[in-house]
Undergrad: 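I have a structure I would like to understand better, so I am pasting it below and will then ask my questions one at a time.
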Amino acid sequence: MSELRLSPLLGCLLALAAGVLTTLTASPFELWWLGPVAVGLVYLGIQALTPGQAALRGWCYGLGLFGSGASWVYVSIHDYGYTGVPLAVFLTALFVASMALFLAVTLWLYRRLTGPRLAFLAFAGAWVLGEWLRTWLFTGFPWLLLGSAHVDSPLAPWAPVGGVYLLSLITALTGTLLVEFLARRWWAAAPVAALWLIPLALPTQWTQPAGEPLRVALLQGNLDQLIKWTPEGQREAANIYAELTRTQPDDLDLIVWPEAALPMFEDQARPILERVQSNLSPDTALLTGILQRDAEGRYFNSVIGLGNAEGEYRKEHLVPFGEYLPLESLLRGTIAFFDLPMPAMTPGPSGQAPMVAAGTTIGNAICYEIIYADLVAERARDSALLMTVSNDTWFGESIGPLQHLQMARLRALENGRYLVRATSNGVTVIVDPMGRITARAPQFEMTSITGEVRPMAGLTPFTRTGSWPTWLLAALLVLPSLRLRRRSTPRS
């Protein structure tokens, strides 16, 4: 059925719908079984298209995906970027249309370079290579990857084996095989059954506890983002986090404040932090997100420790337009959205040593970094516990925070580590090594949660290798379909 001829309009409409279906696989909908259906709709009749027509279909899929699944960008631009509705709509549409180009390029290359031989393998491989491209090109945006939906699906045991991209590959391959099956190629049922039944035989846990449980508290201040960086917001943040900390039990090993909990630089916050620390037990560690500045005039988005803690972490992978402004000399001052509420950040160095808190090594990922599977795996190799602090206030009441949480849960599952996640207004959670939430704070409330986590030892296969084996496998799946003669390539 991949050779089936559909009208270009019908093919584009199906692709647009497939993009929306992919959004429905993610939180808060979590209809993971729609993933193969979405891939199948894009794959249907793909071999009858020219490269240009395939690119258009890929772009329509991207419009459906990002238009439905990343619409929270509008909230950030309009509600917190001080941008009027018409301009916010235009910028959101521009973002969606630009991101959709990744899917257009993927399908253009697929049709330009491959033929019909073993197309069901090549299409799945090309899909994952496209996700790899989207992860790193132009700083990357690995949001709404196909595999991210499967933290709770029957495919979840594959996550510690090959990570999110292996889940994407299996999902895409299931979709193409289902299309072949519907074309009465009955053999396609066997590999689908194998891909979905093998997880029953995989280990349920690749890592093991190492040490006594830690009692942790995660604080959520729920400070209004619109006033956060004003003098009033600074005073309110200091009062909120000091009071929340004061009311915690005395037997805690670790207290975590979210990203930039105190909206000021570390040197300005030091007196506040020292007063808070003076009321803590000597055995308690306090970790907080904070902004730092150095003598060279550089600014960092960081995590620092107080009390029974050592080291610091400076965010390595920054968010464009949020923490720094590309083409700053041209864009700053043109519209309010491009005027960052704080100085542009400097990325921290790669290979930073893990922090140590309450005698436990901590692998940090600040906010957006948690969506980068290989970055987190690198941190997990040297750490017994994963931690992420975030400010999801920028998402408002959209589906963005729930998608963000789902990806964070997958990082815990991939690496067989407990994960503590403290956010400004939700979703603040404790996640176990199976990706399950063991404690959760309600969104949009000033509150805290307490619970236990265990330091974990050992490495999952994915933590050891990262994603490169899956990327290599995806490339190998494409190889048999590559066209060897230029004259056999259809014109676009």
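The structure presented is a predicted model; accordingly, all values stated were derived computationally and were not measured.
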Undergrad: For residues E312 and Q292, is any side-chain donor paired with an opposing acceptor at under 3.5 Å?
TA: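 Note: E312 and Q292 side chains meet the donor-acceptor criterion.
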Undergrad: Could you go through the ring pair (Phe, Tyr, Trp, His ring centres under 6.0 Å) check for F462 and W158 one step at a time?
TA: CA-CA 10 Å; F462 174 73; W158 283 113; over 10 Å; no
Undergrad: Heavy atoms, side chains only, cut-off 4.5 Å: are D253 and E452 in contact?
TA: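 SC-SC contact between D253 and E452 ruled out.
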Undergrad: Please find the pair of heavy atoms, one from F66 and one from A100, that lie closest to each other, and give the distance.
TA: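 Scanning both residues completely, I find the closest heavy atoms to be CD1-N, 4.1 Å.
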Undergrad: Looking at E232 and R235, does any basic side-chain N land under 4.0 Å from a carboxylate oxygen?
TA: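 No, E232 and R235 are not salt-bridged.
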Undergrad: For F444, I'd like to know if atom CZ has over 12 heavy atoms of other residues, nucleotides or ligands within 6.0 Å.
TA: yes
Undergrad: Tell me the closest heavy-atom pair linking G311 and M355, and the distance in Å.
TA: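 Closest heavy-atom pair between G311 and M355: O-CE, 3.2 Å.
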Undergrad: Once you measure the plane-to-plane angle for Y61 and W127, does it fall in the parallel (<30°), tilted (30-60°) or perpendicular (>60°) bin?
TA: perpendicular
Undergrad: On the 0 to 90° scale, with breaks at 30° and 60°, tag the H404-W143 ring pair as parallel, tilted or perpendicular.
TA: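 Aromatic pair H404/W143 classed tilted.
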Undergrad: Would you say E259 and N301 make side-chain contact, with heavy atoms under 4.5 Å?
TA: yes
Undergrad: Does any part of the side chain of Y313, heavy atoms only, come nearer than 4.5 Å to the side chain of S302, both counted from C-beta?
TA: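 Not in contact.
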Undergrad: When you check the side-chain N and O atoms of D250 and S281, is any donor under 3.5 Å from an acceptor?
TA: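 No - no donor-acceptor pair under 3.5 Å links their side chains.
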Undergrad: Do the numbers put R134 on top of the ring of F102, so that NZ or CZ is under 6.0 Å from the six-membered ring centre and no more than 45° off the axis?
TA: no
Undergrad: Taking everything shown except W468 itself, do over 12 heavy atoms lie less than 6.0 Å from its CH2?
TA: no
Undergrad: Looking at W132 versus Y165, is the centre-to-centre ring distance below 6.0 Å?
TA: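 Ring-ring flag for W132/Y165: false, centres at least 6.0 Å apart.
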Undergrad: Could you report the tightest heavy-atom contact between E369 and E316, atom names first, then the distance?
TA: OE2-N, 2.8 Å
Undergrad: What closest approach, in Å, do R417 and A380 show between heavy atoms, and which atom pair accounts for it?
TA: NH2-O, 3.3 Å
Undergrad: Looking only at side chains, do Q248 and S448 share a donor and an acceptor under 3.5 Å apart?
TA: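 Side-chain D/A pair, Q248 to S448: present.
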Undergrad: What heavy-atom pair brings V42 and A18 nearest, and what distance separates the two atoms?
TA: CG2-CB, 3.8 Å
Undergrad: Pairing donors with acceptors under 3.5 angstrom, does anything connect the side chains of T361 and S383?
TA: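 No pair is found: no donor N or O on one side chain lies under 3.5 Å from an acceptor on the other.
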Undergrad: Looking only at side chains, do D374 and S467 share a donor and an acceptor under 3.5 Å apart?
TA: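 A donor-acceptor contact under 3.5 Å links the two side chains.
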Undergrad: Which class fits the ring pair W136 and H317: parallel under 30°, tilted 30 to 60°, perpendicular over 60°?
TA: tilted
Undergrad: Take atom CD in E397; do more than 12 heavy atoms of anything else shown fall under 6.0 Å from it?
TA: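 12 or below, so no.
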Undergrad: Once you measure the plane-to-plane angle for W32 and H150, does it fall in the parallel (<30°), tilted (30-60°) or perpendicular (>60°) bin?
TA: tilted
Undergrad: Regarding N391 and Q225, is there a side-chain donor-to-acceptor distance under 3.5 Å anywhere?
TA: yes
Undergrad: Between the side chains of T245 and E243, does any donor sit under 3.5 Å from an acceptor?
TA: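 No pair is found: no donor N or O on one side chain lies under 3.5 Å from an acceptor on the other.
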